[in-house]
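Reminder, nothing fancy here: chain letters follow the sequence lines and each chain counts from 1.
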2 protein chains.
Amino acid sequence: MDSGELRKAGLKATLPRLRILSILEKNNDLHLSAEDVYKALLEAGEEIGLATVYRVLTQFEGAGLVIRHNFEGGRSVFELDSGEHHDHIVCLECSKVFEFTDAAIEARQQRIAAQHGFRIGEHSLVLYGHCTKTACPNR
Amino acid sequence: MDSGELRKAGLKATLPRLRILSILEKNNDLHLSAEDVYKALLEAGEEIGLATVYRVLTQFEGAGLVIRHNFEGGRSVFELDSGEHHDHIVCLECSKVFEFTDAAIEARQQRIAAQHGFRIGEHSLVLYGHCTKTACPNR
DNA sequence: ATGTATGCAAAACATTTGCACCTGG
DNA sequence: CCAGGTGCAAATGTTTTGCATACAT
């Protein structure tokens, strides 16, 4: 049980929080929207309010447990913060998300930021494209 | 007058469209939201509806005249598409935006996408950070 | 107990759409 | 003239908030 993680983040270990954390853990490869999490919980027979999902996800983000992405398409998606930064490739057709990291890119980013007098906090690199060989509906 | 540009994009050269284009040109260094454009036009004494601004910006995006960004914070911002791709650095404190390009990063992005069986359409690299020497309110 | 968290419904935003009227070519 | 564009208001979709109730410690 992750009560510890929550406590450490200064959050009471309530049932809704534990459940949301559990959904995120179970789908760590996916990137879920608040509604996705909500539906997953309902389907699992759990009772929860959508507002709670939003509140908890926002708190998790503030606590550094979760990362919020603003990919194309209005809604935010969330993933557990593994601690290791990574970038994303999003298929514009099937919405599948791949993750990657590249040391060379990271290094250049730091240098560029410094050149512009910036101290980088977070950064997000998202490649939008089209699958050519995966299970993408369009091949 | 940019009637030509519009015509070329298959769009009638109407007054609202010309005005919006003009606002974007005048603020090419900024990244404006639909509401920003709307307000700018109202302040300039022009009559226009917010819905029209949204419609026109979306059409411009489709026509490749404009690029839409989903930076942090729910709303979309727009900038004229200069034709030359570039990345962004956004100050989390003063919201100032700097642009840059880096050939090495671009090259690696292509390679990485290819490795994952992706054909890249668009991509967006945004560094979120803090100014250290510009006119940022927090220095 | 008691301060916090939750659920529900209502509110707040950003954006889109239906429709009658206006306009550019 | 006529297809397409615009304005307004209403609809949508997402996220936030107020408030009375329920829960963790």
Angle between ring planes, A/His116 versus B/Phe100, binned at 30° and 60°: parallel, tilted or perpendicular?
tilted
Which residues share a side chain to side chain contact (heavy atoms under 4.5 Å, CB included) with B/Ser33, sequence neighbours left out
B/Glu35, B/Asp36, B/Arg75, B/Val77
So B/Leu15, base contact, sugar-phosphate only, or nothing? Heavy-atom distance under 4.0 Å.
nothing
With sequence neighbours left out, what residues match A/Glu99 under salt bridge (Lys or Arg N to Asp or Glu O under 4.0 Å)?
none
No-hydrogen, no-angle side-chain donor-acceptor test under 3.5 Å, B/Asp29 and B/His31:
no
Would you indicate whether A/Glu25, at its atom CD, is surrounded by more than 12 heavy atoms from other residues, nucleotides or ligands within a distance under 6.0 Å?
yes
Is it the case that the side chain of B/Arg17 and the backbone of B/Leu11 share a donor-acceptor pair, with hydrogens and angles ignored and the cut-off at 3.5 Å?
no
Hey, what's the ring geometry for B/Phe71 with B/His69, parallel, tilted or perpendicular (30° and 60° as the breaks)?
parallel
Using a 4.0 Å cut-off on heavy atoms, which residues in residues 19-38 of chain A reach DNA chain C? List them by number, or say none.
none
What does A/Arg55 touch in the nucleic acid at a heavy-atom separation under 4.0 angstrom: a base, only the sugar-phosphate, or nothing?
base
Where each residue is assigned the nucleotide of DNA chain C containing its nearest heavy atom, which of B/Phe78 and B/Arg7 is assigned the position nearer the 5′ end?
B/Phe78
How would you label the contact of B/Ile48 with the nucleic acid (heavy atoms, under 4.0 Å): base, sugar-phosphate, or nothing?
sugar-phosphate
Outer limits of DNA chain C sitting under 4.0 Å from a non-hydrogen atom of chain B, read 5' to 3', are C/dA14 to C/dG25
Does any part of the side chain of A/Val90, heavy atoms only, come nearer than 4.5 Å to the side chain of A/Phe98, both counted from C-beta?
no
Using C1' atoms of five pairs at each end, report the bend of the helix from C/dA1-D/dT25 to C/dG25-D/dC1 rounded to 10 degrees.
40°
Could you list where the contact with chain A starts and ends along DNA chain D, reading 5' to 3', using a 4.0 Å heavy-atom cut-off?
D/dT14 to D/dT25
